[in-house]
2 protein chains.
Amino acid sequence: MGDYISMLKQNGLKTTFQRLYIMQVIDDYGHLDIDEIYSKVLLVHPSISLATIYKNILTLVEKKVIKEVPIEGKKSKYEILKQDHFHLICIECGSVEDCDYEELSGVVSSSSRHHHFLQKKVELSVYGYCKKCIDKINEKS
Amino acid sequence: MGDYISMLKQNGLKTTFQRLYIMQVIDDYGHLDIDEIYSKVLLVHPSISLATIYKNILTLVEKKVIKEVPIEGKKSKYEILKQDHFHLICIECGSVEDCDYEELSGVVSSSSRHHHFLQKKVELSVYGYCKKCIDKINEKS
DNA sequence: TGGAAATCAATAAAAATTATCCAAAAGGAA
DNA sequence: TTCCTTTTGGATAATTTTTATTGATTTCCA
């Protein structure tokens with residue numbers, strides 16, 4: 001749980017309750033899409049508008065306070081910006097797990113250099129089945 | 001340039017001109033989004049409907065004849081299914097370049113296993129500036 | 001070649017995203 | 001604090017994107 005207020009101030013953004021709570025729920029749950037954020041914020045702030053969610057997500061992404069995680073065939077999810085990592089995305093339940101990127105980082109950036117490509121950021125996603133879903137499938141058989 | 005007809009037959013799909021040409025332009029250009037595909041197919045088949053593009057993309061993705069390449073903040077692009085590789089995505093001009101995945105593959109899959117995750121496919125995208133755009137920027141200064 | 005099944009085009013409908021506009025709130029300066 | 005400027009939020013409209021429907025056309029195998 002981070003210091004959302006100073007993260008916002010550093011980027012010249014005003015700290016409204018709506019904005020703070022959007023960051024809060026994203027951080028709490030790790031990875032949420034627009035609808036999930038909306039429904040969770042609605043619970044504690046019933047008057048919030050969906051357009052407010054969209055607007056805030058846009059500005060928070062622009063200011064690099066949060067990060068978009070695009071997902072094949074689904075809506076993008078968003079996460080609080082954190083240390084480099086990659087994602088294990090379950091194609092059964094949709095869960096997203098963070099994974100340490102360390103060992104990979106060197107190989108990827110040297111590969112970018114080799115292609116005369118100026119690397120700014122890396123997005124690595126592994127699609128498959130998470131442990132929970134594997135277990136669930138095994139139980140049935 | 002592949003044998004589109006047998007790729008379709010293997011998946012029980014009929015080989016219509018529209019479908020073949022959709023595969024053709026994707027293959028020719030490497031990576032295209034829906035609108036790009038539509039406008040290019042329109043040139044040689046002026047009566048095609050945008051809905052036809054959507055429907056075909058959907059079935060071709062389902063049958064794994066083509067693959068979705070999700071891109072942050074933009075529409076997904078599509079590519080003909082080919083050997084594992086990753087993408088260098090230029091945030092200046094939007095170009096997408098394929099890159100050999102070989103060296104990385106082992107590290108990624110061992111990392112998945114370590115998390116008890118059953119890996120099905122990997123999507124790795126590096127965002128940054130391609131050589132052309134770097135040169136263009138340097139010329140100006 | 002005939003005919004069932006798949007596909008297409010056109011269009012409507014639905015879903016997702018963005019823009020507009022005015023009231024409300026935030027945050028700095030006095 | 002209080003005032004004032006600027007940003008933001010909420011409601012809603014507009015736009016964009018995607019999906020569903022329907023009847024006509026095409027594919028392809030027997």
Checklist entry - Between B:Asn56 and C:dT7, does any side-chain N or O lie under 4.0 Å from OP1 or OP2? => result no
Checklist entry - Taking only N and O in the side chain of A:His45, is any of them less than 4.0 Å away from OP1 or OP2 of D:dG9? => result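 The answer is no; no side-chain N or O of A:His45 sits under 4.0 Å from OP1 or OP2.
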Whole-Å gap separating [atom2] ([N]) and [atom1] ([X]):
{"X": "B:Ile48", "N": "C:dT11", "atom1": "CD1", "atom2": "P", "result": "16 Å"}
{"X": "A:Leu60", "N": "D:dT7", "atom1": "CG", "atom2": "C1'", "result": "14 Å"}
{"X": "A:Arg19", "N": "C:dA25", "atom1": "CZ", "atom2": "C1'", "result": "12 Å"}
{"X": "A:Ile37", "N": "D:dG9", "atom1": "CD1", "atom2": "C1'", "result": "17 Å"}
{"X": "A:Gln18", "N": "D:dT7", "atom1": "CD", "atom2": "P", "result": "17 Å"}
{"X": "A:Lys77", "N": "C:dA16", "atom1": "NZ", "atom2": "P", "result": "14 Å"}
{"X": "B:Ile53", "N": "C:dA9", "atom1": "CD1", "atom2": "C1'", "result": "12 Å"}
{"X": "B:Leu8", "N": "C:dA6", "atom1": "CG", "atom2": "P", "result": "15 Å"}

Item to check | B:Lys75 NZ: over 12 foreign heavy atoms closer than 6.0 Å | outcome: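 Yes, the 6.0 Å shell around NZ holds more than 12 heavy atoms from other groups.
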Checklist entry - Can you check side chain to side chain donor-acceptor pair (under 3.5 Å) on A:Gln18 and A:Thr52, steps first, answer last? => result CA-CA 8 Å; A:Gln18 292 88 334; A:Thr52 300; over 6 Å; no
Checklist entry - In Å, rounded to the nearest 0.5 Å, how long is the span from CG of A:Asp33 to CD1 of A:Ile53? => result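 The CG atom of A:Asp33 sits 11.5 Å away from the CD1 atom of A:Ile53.
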Checklist entry - Can the positive tip of A:Lys120 be found less than 6.0 Å from the middle of the six-membered ring of B:Tyr127, inside 45° of the ring normal? => result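 No, a cation-pi geometry is absent between A:Lys120 and B:Tyr127.
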Next on the checklist: Under 6.0 Å between ring centres: does that hold for B:Tyr21 and B:His45?
Outcome noted: no
Checklist entry - Ignoring hydrogens and geometry, is there a side-chain-to-backbone donor-acceptor pair from A:Glu68 to B:Gly73 under 3.5 Å? => result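 Indeed, once roles are kept as given, a pair shorter than 3.5 Å links the two residues.
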Checklist entry - Taking protein heavy atoms under 4.0 Å as touching, what does nucleotides 18-30 of chain D look like 5' to 3' if B marks base contact, S marks sugar-phosphate-only contact and - marks none? => result BBB------BS--
Item to check | Side chain of B:Thr52 (C-beta onward), nearest among C:dA9, D:dG9, D:dA11 | outcome: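 Given the options C:dA9, D:dG9, D:dA11, the side chain of B:Thr52 is closest to C:dA9.
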Next on the checklist: So that I can tick it off, tell me whether B:Glu36 and B:Lys77 are bridged by a salt bridge, with the cut-off set at under 4.0 angstrom between side-chain N and carboxylate O.
Outcome noted: yes
